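Here the structure is a predicted model, which is why all the values come from computation and not from measurement. Side-chain atoms are counted along with the backbone in the values below, which use heavy atoms only and exclude waters and symmetry mates.
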Amino acid sequence: MTEVKRRKIGERRTSAQRLKRVLAETTPKHLEQLTKQARALAGEDECEKVCLNDIHARLSGLKVRHELLRATLTFAKGNGFHERLLSEVGQAAAYELDIDSWNDDIIAALQERGRGLGLSQHSDDFADSCLQDVSEIGEEGAISYQIGGKVISSMTGGRICIRFDTSYAGQHFESYFCVLACKASSERLHVSEHSIPFFLPLREVEKSNLSSSCTKFIDCLSDVLQAYVSRREQVNQLRLIKGDQIRELYHSLSYNLIELLLEEAYWKVGVSLAYDNPKSELPTRSVVMAWPHSVDALPREPPMAVQSVTAHRLLRAEGVLRDLLLPTGYEKIVADLQETIARGIYWEEDQ
């Protein structure tokens with residue numbers, strides 16, 4: 001190959017490389033310019049609005065899927081489990097027990113009844129003191145006792161069925177079931193099946209109480225279920241009352257952690273509640289913060305507005321939420337908030 005041909009080939013390669021560099025540098029810039037022109041034609045605000053609407057739609061879809069999944073996991077056994085227990089136990093009226101009669105002797109009597117051995121003389125004497133009309137109970141069939149929101153029934157094989165009825169503000173909600181049975185090698189009762197939500201501490205309650213006292217286990221589990229339903233319905237009630245003002249809401253499955261962001265007149269209020277005791281419907285820890293939408297939004301006459309948009313921790317409000325149910329406590333906080341704004345104090349004593 002001659003020197004002239006090699007020079008021409010080298011020039012062509014140099015030209016091709018220069019063209020690649022120019023394209024690499026100009027193509028992104030050209031695309032960026034086209035993007036800017038498209039945004040200018042469509043309107044930047046409209047583009048951002050479309051993006052925000054898309055994100056909101058996706059979040060709404062995720063919330064719906066979350067609620068469906070939670071309902072599926074919470075009530076996985078379905079009505080078939082409840083119907084089977086009711087058919088075995090029967091639907092006869094349960095006999096009321098008073099608090100003095102509620103002890104482990106009644107559990108032992110129900111176990112004997114379930115084994116088909118008939119009530120012992122001790123059990124007959126005990127039943128005489130508990131039932132309004134013992135003659136109504138025959139030699140066969142299950143018997144049930146009721147104390148508070150708990151119905152305890154005998155089952156075949158010496159098993160015990162407990163139905164926990166829950167309520168809030170005088171309204172009945174779900175009923176949960178738990179079946180206790182003895183293993184073949186032991187007389188000690190254990191939980192054999194149940195419809196308790198998986199996120200509640202059933203096994204911890206069983207481990208801590210059932211080996212020492214069956215009635216103590218039943219009472220403790222009843223408190224846990226009732227507290228869970230109460231916490232959940234407190235949030236639902238607040239949604240009904242303040243639905244338009246709730247900007248953010250987070251809660252755990254068991255509602256032992258609740259976080260809220262609400263908008264009131266002039267102020268935003270953030271609430272964080274923690275329930276360390278699973279048997280409590282009131283929080284053990286609370287944090288309440290409030291800050292103005294803007295300095296200009298605050299009323300100046302009277303009083304003089306605060307100097308900057310800063311968050312104020314409302315210590316007294318935190319104490320209110322630890323003493324009152326969430327809907328009632330929050331209404332009191334709002335009333336105090338309005339009074340404080342009118343007086344122009346802005347929680348200086350809480351800082």
Side-chain angles (χ1 to χ4, degrees), residues 48-49 51-71 74 166 168-171 173-174 197 199 227-276 280-299 309-342 346-347 350:
E48 291 182 0
K49 184 178 180 180
C51 294
L52 289 175
N53 290 339
D54 184 53
I55 293 173
H56 180 72
R58 291 184 181 183
L59 286 175
S60 299
L62 287 174
K63 287 181 179 179
V64 172
R65 291 174 60 187
H66 176 267
E67 293 295 333
L68 291 175
L69 179 60
R70 184 178 66 175
T74 303
T166 60
Y168 175 76
Q171 181 181 352
F173 286 90
E174 304 94 324
F199 45 78
Y228 155 65
V229 171
S230 176
R231 296 192 299 266
R232 183 192 68 194
E233 294 309 315
Q234 288 177 54
V235 172
N236 290 338
Q237 185 178 352
L238 188 64
R239 277 173 170 163
L240 292 175
I241 298 172
K242 297 288 184 178
D244 296 338
Q245 296 162 261
I246 297 177
R247 295 295 173 260
E248 295 181 20
L249 170 60
Y250 166 80
H251 61 81
S252 59
L253 286 175
S254 61
Y255 289 82
N256 63 350
L257 179 62
I258 301 170
E259 294 183 348
L260 296 156
L261 176 62
L262 301 98
E263 286 193 5
E264 297 292 341
Y266 307 118
W267 293 80
K268 293 182 180 180
V269 181
V271 178
S272 178
L273 305 175
Y275 301 76
D276 297 323
S280 177
E281 60 181 0
L282 296 175
T284 51
R285 290 177 288 132
S286 60
V287 176
V288 182
M289 304 290 289
W291 58 97
H293 296 291
S294 66
V295 175
D296 296 336
L298 292 173
V309 179
T310 57
H312 300 259
R313 184 170 179 179
L314 313 184
L315 300 180
R316 287 179 295 184
E318 294 174 3
V320 168
L321 289 180
R322 289 193 296 269
D323 295 332
L324 299 174
L325 297 181
L326 180 57
T328 306
Y330 187 78
E331 289 290 356
K332 180 171 176 55
I333 289 175
V334 172
D336 292 344
L337 192 65
Q338 294 171 345
E339 180 183 355
T340 303
I341 290 174
Y346 299 103
W347 301 282
D350 289 348

Heavy-atom side-chain contact between L260 and Y330 under 4.5 Å
no
For the CD atom of E259 and the NE2 atom of H251, what is their distance to the nearest 0.5 Å?
11.5 Å
Separation of N236 CG from F173 CZ (nearest 0.5 Å):
7.5 Å
To the nearest 0.5 angstrom, please state how far the CG atom of L262 sits from the CG atom of L238.
6.0 Å
Using 0.5 Å steps for rounding, measure from the CG atom of N256 to the CG atom of L273.
11.0 Å
Evaluate the side-chain contact (heavy atoms from CB on, under 4.5 Å) criterion for residues L282 and L325: first the C-alpha distance (whole Å), next the side-chain angles of each, then the deciding distance (0.1 Å), finally the verdict.
CA-CA 6 Å; L282 296 175; L325 297 181; 3.8 Å; yes
Are side-chain heavy atoms of V271 and V287 found at a separation under 4.5 Å?
no
In short, salt bridge (charged side-chain N to carboxylate O under 4.0 Å, His left out) pairs touching residues 318-330 with sequence neighbours left out are R313-E318
Over-ring placement of R232 relative to Y228, 6.0 Å and 45° cut-offs:
yes
In sequence, state the C-alpha distance, the side-chain angles, and the governing distance for H312 and W267, and then conclude on side-chain contact (heavy atoms from CB on, under 4.5 Å).
CA-CA 10 Å; H312 300 259; W267 293 80; 3.7 Å; yes
For residues 240-249, which side-chain donor-acceptor pairs fall under 3.5 Å, sequence neighbours excluded?
unit_1 : atom_1 : unit_2 : atom_2 : d
Q245   : NE2    : E263   : O      : 3.3
Q245   : NE2    : E264   : OE1    : 3.0
Q245   : NE2    : E264   : OE2    : 3.2
R247   : NH1    : D244   : O      : 2.6
R247   : NH2    : D244   : O      : 3.3

Quick one: pull up CZ in R285 and CG in L257 and give me the separation to the nearest 0.5 Å.
8.0 Å
Under 3.5 Å, is there a donor-acceptor pair linking the side chains of E281 and Y168?
no
Taking E174 for the side chain and V229 for the main chain, is one N or O donor matched with an acceptor at less than 3.5 Å?
no
Heavy-atom nearest pair, F199 first then L253, reads CE1-O, 3.5 Å
Is there a side-chain contact between V288 and V320, using heavy atoms and a 4.5 Å cut-off?
no
Where do L314 and A290 come nearest, in terms of heavy atoms and distance?
CD1-CB, 4.0 Å
